[in-house]
K.L.:
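For reference, the structure I am asking about is given below.
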Amino acid sequence: MKSKSVHYIISTIISGISGFFLIAILTKSFDPISFGEYSLVIITVGLLNTVLISWMTQSIIRMYKKDHDTSLMLSTSTLMLLSTLFIYIILSSLIYVITDSKTILIAVGILFIAESLFLYATSFLRALNNAKLYNMSLSSNWILKIALVYLSLNYGVENIFSVISVLSLPPLFIGFSIVIYLFSNSYNKFDFFSKQIFKDFFKYGSSLIGLASMQWIMASSDRYILRIYNMDYELGIYSLGYSLSSNIYNVFITFLLLISYPLIIKAYDEGGKVSAESSIKTQYTFYLLIILPVSIGLTFLGKETILLISSEDYLESYWILIITNVGMIIYGTIFYINKCWELTKNTAMIFMNSIYSAVINIVFTIILVPVIGGLGAAIGTLAGYTFFLAIAYSKSKVVMKISLDFVMLKKISIATGVMGLTVLLIKLLLPFTIYSYVIVIFLGIATYLIMLKVLGISYLLKRLLKN
């Protein structure tokens, strides 16, 4: 079980780092307007996968080899995927006739078909608990994407939409290969379609569409609003600041949640609410132990990070990065609060909180974007996350009493503050180069670890690593 968890963690880390490198390649090769168009395509594909595909993949993970014959489930879900893609192609063809954004529509279609096949195929690997092959597929997908984009840019590709077409090749090839592998197994044959499996899939998965859609609105709708206001340059600037911050945080947040969730569930199963409350408190302390220094480091080295991965054209995204930085801390905190509702099987509360927060996000963004551009979009997203946290925490008191370990929080904050001052001082003394950037990060980490030792809480890090 531990080895399988390690595979999932490794694939998560590789995905996060690869996303970081892909952003660097694209922003060094294209101006903010082109990068904004790329971002718009990516979030549109994300929306399509959320609404049309994710309910299928989640149902596969939940039900495969448990509630139905595996061969029948594989063939039924394959037909469902093909039917969904066929309907999408018909509808997008009709839209193509009347829209002026034909290039974007084609790019979205190509990437969506490839990514949907990849998501569908890898969901079976997760259902089979084949963590090794899942890790290999995810890692290979990202490595091939970066390699192909890099090669294409070096061999004359100058259009961002051509790059998007290149990005569709790895998931298409890997996804198709996995499907062939699944059908090649002796116990999997094409048994055609089962109405019961379709009903079970839809009953289980449809409830997830609403929540996933609200989460998508919170994370991505702001870029559509910027496009509606014809702020193409601002869209590119905002996209870099948001993507840079979210890629960095998602690696750490996913890593910490993969560790903490099984422990919180185990505590609830063995000791009920009281034990779960204690476990959430402990796991959230671990979260702050990692996230607070990451936040301070990104704040003080934000401009250097932007220059390192892109160019001076994108320096305006610094304040987007800072605001998103705060929003991502709150975003991670929400997961721990939501665990109250998940454990007590009241996920409808999470959905309702998501709706309220999405509305706050959209309203703030619509009002602020015409006034302050991309900063307004960042503030709108922060407002949505803040409202979600406030309402979720206030309502959670009825179910569980989640508290902070203020003694630990104080010590972690002191260690983070000293680390931040060290980073700031060294940054002022050394001229900016990639070598000085690495040195500053290394000395910042060393300072933080020393301060944890001095304050007598270094054992927290050991416990986290043990977990």
Side-chain angles (χ1 to χ4, degrees), residues 13 15-39 42 142 145-146 149-150 153-154 158 160 163 222-223 226 231-252 291 293-329 372-375 377-379 381-382 416 419-448:
I13 293 172
S15 298
I17 295 173
S18 300
F20 189 84
F21 277 111
L22 185 58
I23 290 171
I25 294 171
L26 294 176
T27 51
K28 281 189 176 295
S29 304
F30 296 99
D31 61 23
I33 293 177
S34 296
F35 185 70
E37 290 177 328
Y38 162 80
S39 175
I42 296 300
W142 275 108
K145 278 183 175 180
I146 292 172
V149 168
Y150 180 79
L153 290 172
N154 278 275
E158 297 179 352
I160 191 67
V163 171
D222 38 22
R223 273 161 275 194
L226 284 165
M231 295 184 173
D232 295 338
Y233 177 80
E234 292 278 356
L235 173 61
I237 294 296
Y238 176 81
S239 296
L240 175 66
Y242 186 91
S243 299
L244 182 57
S245 179
S246 62
N247 266 277
I248 292 171
Y249 275 94
N250 280 333
V251 171
F252 291 101
I291 292 300
V294 170
S295 172
I296 292 298
L298 192 56
T299 299
F300 287 156
L301 293 174
K303 289 183 178 179
E304 288 78 8
T305 304
I306 292 169
L307 286 173
L308 188 67
I309 71 163
S310 58
S311 65
E312 291 186 0
D313 293 340
Y314 290 90
L315 264 179
E316 292 178 48
S317 64
Y318 173 69
W319 287 107
I320 307 292
L321 177 67
I322 298 304
I323 296 170
T324 307
N325 197 10
V326 179
M328 293 307 294
I329 296 174
I372 51 178
L375 279 174
I379 292 170
T381 302
L382 176 60
T416 301
M419 182 207 77
L421 291 173
T422 303
V423 167
L424 187 60
L425 179 62
I426 298 172
K427 191 180 80 167
L428 293 173
L429 293 174
L430 296 177
F432 173 64
T433 65
I434 188 170
Y435 302 107
S436 64
Y437 182 83
V438 173
I439 290 170
V440 171
I441 291 177
F442 176 78
L443 292 177
I445 293 172
T447 302
Y448 184 65

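Only a predicted model underlies this, so the values are computations on that prediction, with no experimental measurement involved.
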K.L.:
Mind checking whether L153 and F30 have side chains closer than 4.5 Å, heavy atoms only?
P.N.:
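L153 reaches F30 side chain to side chain.
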K.L.:
Do I296 and V423 touch side chain to side chain, with heavy atoms closer than 4.5 Å?
P.N.:
no
K.L.:
Kindly indicate, with the supporting measurements, whether the criterion side chain to side chain contact (heavy atoms under 4.5 Å, CB included) is fulfilled by T324 and T381.
P.N.:
CA-CA 8 Å; T324 307; T381 302; over 6 Å; no
K.L.:
Within a radius of less than 6.0 Å around OH of Y150, do more than 12 heavy atoms belonging to other residues, nucleotides or ligands occur?
P.N.:
no
K.L.:
For S243, is there any backbone N or O sitting under 3.5 Å from a side-chain donor or acceptor partner on S246?
P.N.:
yes
K.L.:
State the CD-CG distance between E316 and L321, to the nearest 0.5 angstrom.
P.N.:
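Rounded to the nearest 0.5 Å, the CD-CG separation comes out at 14.0 Å.
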K.L.:
Decide whether S39 and S239 meet the rule of one side-chain donor and one side-chain acceptor closer than 3.5 Å.
P.N.:
yes
K.L.:
Taking the six-membered ring for Trp, are Y38 and F35 closer than 6.0 Å centroid to centroid?
P.N.:
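Ring centroids of Y38 and F35 are less than 6.0 Å from each other.
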K.L.:
How long is the gap from CD1 on I439 to CD1 on I434, to the nearest 0.5 Å?
P.N.:
11.0 Å
K.L.:
Tell me the closest heavy-atom pair linking S245 and M328, and the distance in Å.
P.N.:
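Residues S245 and M328, closest heavy atoms: OG-CG, 3.7 Å.
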K.L.:
How long is the gap from CD1 on I322 to CG on L375, to the nearest 0.5 Å?
P.N.:
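The distance works out to 11.0 Å.
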K.L.:
Please check this pair: side chain of S317 against backbone of I320, looking for a donor-acceptor N/O pair closer than 3.5 Å.
P.N.:
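Pair absent, no side-chain N/O of S317 close to backbone of I320.
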K.L.:
Quick one: does V440's side chain get under 4.5 Å of F300's, heavy atoms only?
P.N.:
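With C-beta onward as the side chain, the pair stays apart.
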K.L.:
Heavy-atom distance under 4.5 Å between the side chains of R223 and Y242, does that happen here?
P.N.:
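Side-chain contact under 4.5 Å: yes.
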K.L.:
Please report the closest heavy-atom contact between D222 and A377, naming both atoms and the distance.
P.N.:
CB-CB, 3.7 Å
K.L.:
For L443, does its backbone N or O pair with a side-chain atom of T447 as donor and acceptor, under 3.5 Å?
P.N.:
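Indeed, once roles are kept as given, a pair shorter than 3.5 Å links the two residues.
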K.L.:
Tell me whether Y314 contacts the main-chain N or O of D31 through its side chain, where contact means a donor paired with an acceptor under 3.5 Å.
P.N.:
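Yes; judged by distance alone, with no hydrogens or angles, the pair exists.
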K.L.:
Please say whether more than 12 non-hydrogen atoms of neighbouring residues, nucleotides or ligands are located less than 6.0 Å from CZ in F432.
P.N.:
yes
K.L.:
Would a distance-only check, ignoring hydrogens and angles, find a side-chain to backbone donor-acceptor pair under 3.5 Å from N325 to S295?
P.N.:
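It does hold such a pair.
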K.L.:
Measuring from atom CG of D313 to atom OG1 of T27, what distance do you get when rounded to the nearest 0.5 angstrom?
P.N.:
10.0 Å
K.L.:
Could you tell me which non-hydrogen atom of N247 sits nearest to which non-hydrogen atom of G19, and how far apart they are?
P.N.:
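Residues N247 and G19, closest heavy atoms: OD1-CA, 3.7 Å.
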K.L.:
What's the spacing between L307 CG and L315 CG if we round to 0.5 Å?
P.N.:
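Answer for the CG-CG pair, L307 versus L315, is 4.5 Å.
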K.L.:
How many angstroms lie between CH2 in W319 and CD1 in I323, if you round to the nearest 0.5 Å?
P.N.:
8.0 Å
K.L.:
Just do the side chain to side chain contact (heavy atoms under 4.5 Å, CB included) check on L235 and E37 with the steps written out, would you?
P.N.:
CA-CA 8 Å; L235 173 61; E37 290 177 328; over 6 Å; no
K.L.:
Are side-chain N/O atoms of Y437 and T305 paired as donor and acceptor at under 3.5 Å?
P.N.:
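A donor-acceptor contact under 3.5 Å links the two side chains.
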K.L.:
Please check: side-chain N/O of Y249 versus main-chain N/O of L244, any donor-acceptor pairing under 3.5 Å?
P.N.:
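Absent.
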